[in-house]
Amino acid sequence: QVQLVESGGGSVQAGGSLMLSCVASGLTDSTYYMAWFRQVPGKERGGVAAISTAGTITYSDDSVKGRFTISRDNAKNALWLQMISLKPEDTAMYYCAAAPRTGWVLSRPLTGSAYSYWGRGTQVTVSS
């Protein structure tokens, strides 16, 4: 059974930083794309950043480019999201997601429907 567990969320002031972590278990191997999504109440879940199976290719939403960095360590089954220069509009529940490396996720790495497995989320709140 695949399980993704996020941690690292919290409350910070604008301009601050946070590091989100996700630990995966039950994945059969490391050939999974992984990603971070976020959602605020009343809005659709949106892709923040994604990373290829070996960690050599990353994708970021325009709203976080230059501020958020995604990384992974397959030996530790871990995924991270380093967030700097946080803004109040970054306030959301952040979710870790994983998907087998298929043409579907390769063509739309920041689309939620491409991902099969999801964590329960960690809340990030940025105050002005």
Side-chain angles (χ1 to χ4, degrees):
Q1 182 178 356
V2 176
Q3 188 173 19
L4 303 175
V5 181
E6 304 96 334
S7 62
S11 297
V12 296
Q13 290 189 326
S17 302
L18 281 174
M19 170 83 90
L20 303 185
S21 301
C22 173
V23 177
S25 60
L27 296 177
T28 55
D29 53 38
S30 61
T31 60
Y32 284 79
Y33 261 58
M34 298 193 76
W36 290 97
F37 288 77
R38 64 186 180 186
Q39 187 173 25
V40 297
K43 293 189 177 181
E44 290 189 0
R45 191 174 301 185
V48 175
I51 189 166
S52 63
T53 56
T56 54
I57 304 171
T58 61
Y59 311 82
S60 298
D61 185 75
D62 287 345
S63 65
V64 305
K65 282 182 179 176
R67 300 188 300 120
F68 292 10
T69 302
I70 188 171
S71 60
R72 68 188 292 171
D73 184 333
N74 289 336
K76 297 180 180 179
N77 293 322
L79 176 75
W80 296 281
L81 184 68
Q82 176 68 57
M83 306 185 293
I84 66 171
S85 301
L86 283 160
K87 304 176 181 180
E89 51 263 43
D90 295 318
T91 295
M93 185 70 81
Y94 284 71
Y95 298 90
C96 171
R101 186 182 180 278
T102 64
W104 184 255
V105 71
L106 287 172
S107 63
R108 45 185 64 79
L110 291 179
T111 301
S113 61
Y115 289 82
S116 309
Y117 305 107
W118 294 86
R120 300 184 67 175
T122 185
Q123 177 69 37
V124 172
T125 303
V126 184
S127 58
S128 58

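Throughout, residue positions are numbered sequentially from 1 according to the sequence presented. What you see below is based on every heavy atom in this structure, not just the backbone, and it leaves out hydrogens, waters and symmetry mates.
- Shortest non-hydrogen contact noted between L86 and R67 is CA-NH1, 3.9 Å.
- V40 approaches T91 most closely through the heavy-atom pair CG1-O, 3.0 Å.
- For S21 (side chain) and G8 (main-chain N/O), no donor-acceptor pair under 3.5 Å exists by modelled atom type.
- M34 and A24 make their closest contact through CE-CB, 4.4 Å (heavy atoms, listed as atom of the first residue, atom of the second, distance).
- The two residues A50 and P109 come nearest to each other via the heavy atoms CB-O, 3.4 Å.
- Y95 is connected to L110 through a chain of hydrophobic side-chain contacts under 4.5 Å among Ile, Leu, Val, Met, Phe, Trp and Tyr, so both are in one cluster.
- Note: the hydrophobic cluster containing L106 also contains I57 (ILVMFWY, side chain heavy atoms under 4.5 Å, direct or indirect links).
- In this structure, OH in Y117 is found 9.5 Å from CG in L4, a value given to the nearest 0.5 Å.
- Proximity of F68 to S60: side-chain heavy atoms (C-beta onward) are nowhere separated by under 4.5 Å.
- Criterion: ILVMFWY side-chain heavy atoms under 4.5 Å apart, direct or through other members. Under it, I70 and V23 are not part of a common hydrophobic cluster.
- Judged by distance alone, the side chain of W36 and the main-chain N or O of W80 form a donor-acceptor pair under 3.5 Å.
- Atoms CD and OG, from E89 and S128 in turn, are 10.0 Å apart once rounded to the nearest 0.5 Å.
- Following chains of ILVMFWY side-chain contacts shorter than 4.5 Å, one can reach V105 starting from W118, so the two form part of one hydrophobic cluster.
- In summary, the side chains of R38 and S63 do present a donor paired with an acceptor at a separation below 3.5 Å, with no hydrogens or angles considered.
- With hydrogens and angles disregarded, a donor-acceptor distance shorter than 3.5 Å links the side chain of T122 to the backbone of G9.
- A salt bridge does not link K87 with D90: none of the charged nitrogens is closer than 4.0 Å to a carboxylate oxygen.
- To the nearest 0.5 Å, the span separating OH on Y33 from CZ on R108 amounts to 13.0 Å.
- Rounding to the nearest 0.5 Å places OG1 of T111 at 13.0 Å from CZ of R45.
- Note that the OH atom of Y59 and the NZ atom of K65 stand 11.5 Å from one another [nearest 0.5 Å].
- Using a 4.5 Å cut-off on side-chain heavy atoms (C-beta onward), S127 and P88 make no contact.
- Atom CE of M93 sits about 9.0 Å away from atom CD of Q39, to the nearest 0.5 Å.
- Smallest separation of non-hydrogen atoms from S17 and S85: OG-N, 4.4 Å.
- Screening residues 45-75 for disulfide (SG to SG under 2.5 Å), with sequence neighbours left out, gives no hits.
- The main-chain N or O of T31 is never found under 3.5 Å from a side-chain atom of T53 such that the two would form a donor-acceptor pair.
- Note: F37 and Y115 meet the aromatic proximity criterion, with ring centroids under 6.0 Å apart.
- By the 4.5 Å heavy-atom criterion applied to side chains, V126 and V12 are counted as neighbours.
- Distance alone, capped at 3.5 Å, is enough to place a donor-acceptor pair between the E6 side chain and the R120 backbone.
- Heavy-atom neighbours of R101 CZ from other residues, nucleotides or ligands within 6.0 Å: at or below the threshold of 12.
- The disulfide (SG to SG under 2.5 Å) contacts involving residues 38-128 comprise C22-C96, where partners must be two or more places apart or lie in separate chains.
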Quiz prompt | side chain to side chain contact (heavy atoms under 4.5 Å, CB included) evaluation trace for L81 with M19 | solution = CA-CA 6 Å; L81 184 68; M19 170 83 90; over 6 Å; no
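- The nearest pair of heavy atoms linking S71 to L79 is O-CD1, 3.3 Å.
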